[in-house]
Engineer: 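What follows is a single structure, and I will ask about it in a moment.
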Amino acid sequence: MYVYTCNTYIRNLTVYMTQQIKKSFNGIIWGRWFREPWLWAALGLLSFWLLQVTHGLELRVTLHDTLDSDVAVRKILSETGGWYLWNRDAVLPMIMNGLPRNAIDLSGVNLINLLFVLFSPWTAFVLSMLLVHGVAGWGAYKLSGLFLEEWPVFRVLISWGFAFLPHYVLYGWTTAGLPWLIWATVSFLRYQAPTQQQFGKFASVWIGYAIGAHFILFGFFVWLGMVALVGWYAHTKRLMWKRMAVVTGVVLVLFMVQTSHLLMNMGDAGFVSHRTGWNLFFQHDNFVEIVKDAIFHFIAGQYHAPSIHTLVLVLLLASVWVFRRQHAIVRKISILLFVQAGFSFLGVCWFWEGLIPVKMQLGFLKSFNAGRLAFVSPVIWLAALMITTRIWLQQKPLAQPYLVVFLVIHVLWVGWGNGMLRSNIMAWLRPDYHDAAFPSWSGFYAPQDWAKVKANIGVSTRDFRVISVGIHPAVAQFNGFYTLDSYQNNYLLGYHAAFRRIVASELAMSDKWRRYFDEWGSRCYILPAHAQTWKSPFWVLKREVKSPKPLQLDHRAFKKMGGRFLIATYELDLSDVWQLRKRFETHQAWYNLYLYEVK
């Protein structure tokens, strides 16, 4: 009897608990989720992230300025403890025979870089993706609340459209975090007498932005905007402007700590950068070309700050036509278009050849890039979308369903325009899918295949130097090799001259490569004359080259710099002083590997 009673009690308790769990679950799904639209925004972002990172090491990643340089540098800084070296004499032996540490403007104080200190490169990268796209989506959602508070569905769709943009995650939320920053600032300014809590929210967002942003990339302009804001706030004699000034100082200190390596490098009289040898005409155009570039940026966006705004532009132009009799609306939209056009023009005007005499006269302007003002463009298009959506909802309430369809199409358009997301989706549909601009992590770095190269050489990688042909030197660096070649935006001018001797014969046969190396030179690479017309001469995949290609290198200059091996992705026709040591059958890599040794 006692056992029967216990069993009955347990069974009844189990049924009750199951019912309560089911009720709670249904409440979450059908109640809170509809009452809390931010959860839908978060779910969309999580799906965006999982759709990519669940590929594991087959995750497709942007090649340009990510895999080809920035990941490997962060890995080297983590393995050598270089993040926190402020010694002027500190060098990174794996890069360019000892690149000075302070030549690299990266700091371990930055939150995104700190991930590379704490985790493996792949884990750090995918966490960076989650953080940066998360901040972008959250900021867009909060900012849209200032315009669309009564229409949560539209807030969710607009936040997805901004979050799914192809933000350069390794540089944090420098641009992705701007909506978050604008929301906090505008919300604070709405109060005539802000409370301590309201000020604390404002201060925490600004400090949070500084911790995860990059000062040189665009943070400098953001901080100048903050200075102007505090100046205006003080001029209007509003409360708490002194506290705002303190926050401005804290933000500057954080940025200066993050930029301290570059500041020390600038103060090092013994360091003469290869940038001093730049020929500005290489990167500058005449006024006609500048206008063409400005029009292109206005229509299609800027490469390093992509906005994928074609449909937004169409909506704005259509709105001007639909509301053409309502002059206040037309004026508002026209101002938005004019501001965006102005930033598009400013972004390219910096590279007008007419400014070269001024830059030469004021030497620091030679390396300064004011064209990064255009990085604000994605946020302007975002604001334009929010404002125009509000206009339609207020003026044409019956058009809501059509506007929802438009925003859904916009989200899909942005997602497809994000090459990294598109490549990862295609990889789910076709596992053999290859897009050279978005290789897989393992297909690019291929540690198992490079381990075979190490085993064949049989001695410590510290004892020799290598160069690469047909592949970015960052791959060799990532796999523990010490490279003479590298992609660096700041290194010694003397090293540039020494490396040039190795490749001088090839440069003499190609005016394109000669100008590329002599007048810019940040890609201090082997530049084969035979590859000058190739689409991707630094990323040559399997079966792209059918026969051996000639290459003339100065082996004496190579050996003088400590060089011993050349690693290529296709067969080369070299002089007799070089011997093909082995051709490797690769399994992970998207490319072949040929190991050459100088006698």
Side-chain angles (χ1 to χ4, degrees), residues 62-66 68-70 105 166-168 171 174-175 178 214-225 259 262 266 273-309 313 337-381 437 487-491 493 496 511-525 527 532 538:
T62 303
L63 172 64
H64 182 65
D65 284 351
T66 301
D68 67 353
S69 55
D70 289 348
D105 181 32
H167 302 289
Y168 271 80
Y171 286 90
T174 308
T175 55
L178 290 178
H214 193 267
F215 184 70
I216 298 300
L217 189 68
F218 188 73
F220 170 73
F221 298 108
V222 175
W223 184 79
L224 286 182
T259 317
L262 179 62
M266 293 170 63
S273 175
H274 82 288
R275 287 171 169 251
T276 60
W278 279 1
N279 182 348
L280 294 183
F281 282 97
F282 179 75
Q283 301 181 58
H284 289 62
D285 287 314
N286 58 52
F287 191 73
V288 173
E289 293 299 320
I290 290 297
V291 173
K292 289 180 181 179
D293 287 344
I295 294 172
F296 177 81
H297 285 181
F298 179 75
I299 296 173
Q302 208 268 2
Y303 180 81
H304 284 95
S307 46
I308 314 180
H309 62 264
L313 179 59
L337 291 170
F338 178 79
V339 170
Q340 179 55 63
F343 275 103
S344 296
F345 182 74
L346 287 174
V348 296
C349 186
W350 185 251
F351 299 100
W352 174 43
E353 61 186 15
L355 294 178
I356 289 178
V358 178
K359 294 181 179 181
M360 295 300 292
Q361 189 70 26
L362 302 173
F364 71 94
L365 292 180
K366 193 173 181 180
S367 298
F368 182 72
N369 188 358
R372 287 175 178 163
L373 272 170
F375 282 22
V376 76
S377 293
V379 181
I380 297 176
W381 288 115
Y487 177 17
Q488 301 295 330
N489 61 19
N490 186 30
Y491 63 94
L493 180 64
H496 179 270
D511 187 62
K512 173 188 174 179
W513 286 146
R514 181 191 60 77
R515 293 196 63 208
Y516 186 81
F517 189 87
D518 291 345
E519 299 179 17
W520 182 60
S522 290
R523 288 194 188 273
C524 188
Y525 285 14
L527 304 171
Q532 62 180 325
F538 315 131

Engineer: Is there a donor-acceptor contact under 3.5 Å from the side chain of D518 to the main chain of R515?
Structural biologist: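 The answer is no, because no donor-acceptor pair under 3.5 Å joins these two groups.
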
Engineer: How far does CD1 of I356 sit from CD of Q283, to the nearest 0.5 angstrom?
Structural biologist: 9.5 Å

Engineer: Nearest heavy-atom pair of E289 and N286: which atoms, and what distance?
Structural biologist: N-OD1, 2.9 Å

Engineer: Rounded to the nearest 0.5 Å, what separation is found between the CD1 atom of I290 and the NE2 atom of H284?
Structural biologist: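 Rounded to the nearest 0.5 Å, the CD1-NE2 separation comes to 8.0 Å.
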
Engineer: Scan side-chain atoms only and decide if H274 and S522 contain a donor-acceptor pair under the 3.5 Å cut-off.
Structural biologist: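 Indeed, the side chains of H274 and S522 share at least one donor-acceptor pair under 3.5 Å.
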
Engineer: Side chains of Q340 and S377: does their closest heavy-atom pair fall under 4.5 Å?
Structural biologist: yes

Engineer: Quick one: closest heavy-atom pair of S307 and G301, and the distance?
Structural biologist: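 In terms of heavy atoms, the two residues are closest at OG-CA, 3.9 Å.
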
Engineer: With under 30° as parallel and over 60° as perpendicular, where do the rings of F215 and F220 fit, or are they tilted in between?
Structural biologist: perpendicular

Engineer: Tell me, please, which residues at least two apart from Y525 pass ring-ring contact (aromatic ring centres under 6.0 Å, His included).
Structural biologist: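 Partners of Y525 under the ring-ring contact (aromatic ring centres under 6.0 Å, His included) test: H472, F538.
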
Engineer: Using modelled atom types only, decide if a donor and an acceptor are shared between the side chain of H297 and the backbone of Y303 within a distance under 3.5 Å.
Structural biologist: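 No: the side chain of H297 does not pair with the backbone of Y303.
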
Engineer: What's the verdict on side chain to side chain contact (heavy atoms under 4.5 Å, CB included) for K512 and L527, showing C-alpha distance, side-chain angles and the deciding distance?
Structural biologist: CA-CA 10 Å; K512 173 188 174 179; L527 304 171; over 6 Å; no

Engineer: Go through the structure and list residues passing ring-ring contact (aromatic ring centres under 6.0 Å, His included) with F345, not counting sequence neighbours.
Structural biologist: none

Engineer: As an exercise, state the distance from CG of N279 to CH2 of W520, rounded to the nearest 0.5 Å.
Structural biologist: 14.5 Å

Engineer: Do D65 and H304 have side-chain heavy atoms sitting under 4.5 Å apart?
Structural biologist: yes

Engineer: Do L178 and P378 come close enough that some side-chain heavy atom pair is under 4.5 Å?
Structural biologist: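 In short, these two side chains do not touch, never coming nearer than 4.5 Å.
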
Engineer: Take S273 and N490, measure what side-chain hydrogen bond (donor to acceptor under 3.5 Å, both in side chains) needs, and give me the verdict at the end.
Structural biologist: CA-CA 6 Å; S273 175; N490 186 30; 2.7 Å; yes

Engineer: Quick one: does F375's side chain get under 4.5 Å of T174's, heavy atoms only?
Structural biologist: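 When only atoms from C-beta onward are counted, T174 and F375 do not touch, as no gap falls below 4.5 Å.
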
Engineer: Enter the distance from R523:CZ to Y516:OH here, rounded to the nearest 0.5 Å.
Structural biologist: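 R523 atom CZ to Y516 atom OH measures 5.0 Å (nearest 0.5 Å).
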
Engineer: Step through the shown structure and confirm whether more than 12 heavy atoms of other residues, nucleotides or ligands are within 6.0 Å of CZ on F282.
Structural biologist: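 Buried by this count: over 12 neighbours within 6.0 Å.
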
Engineer: Parallel, tilted or perpendicular: which describes the rings of F221 and F218, with under 30° parallel and over 60° perpendicular?
Structural biologist: tilted

Engineer: Do you know the tightest heavy-atom contact between Y491 and C524?
Structural biologist: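 Taking Y491 first and C524 second, the nearest heavy atoms are OH-CB, 3.6 Å.
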
Engineer: Would a line drawn from the ring center of F517 to the ring center of H496 be shorter than 6.0 Å?
Structural biologist: yes

Engineer: Rounded at 0.5 Å granularity, tell me how far OG in S69 sits from CG in N489.
Structural biologist: 9.0 Å

Engineer: Going from CG on L313 to CZ on F298, what distance comes out if it is rounded to the nearest 0.5 angstrom?
Structural biologist: 5.0 Å

Engineer: Is there a side-chain contact between Y168 and T66, using heavy atoms and a 4.5 Å cut-off?
Structural biologist: yes

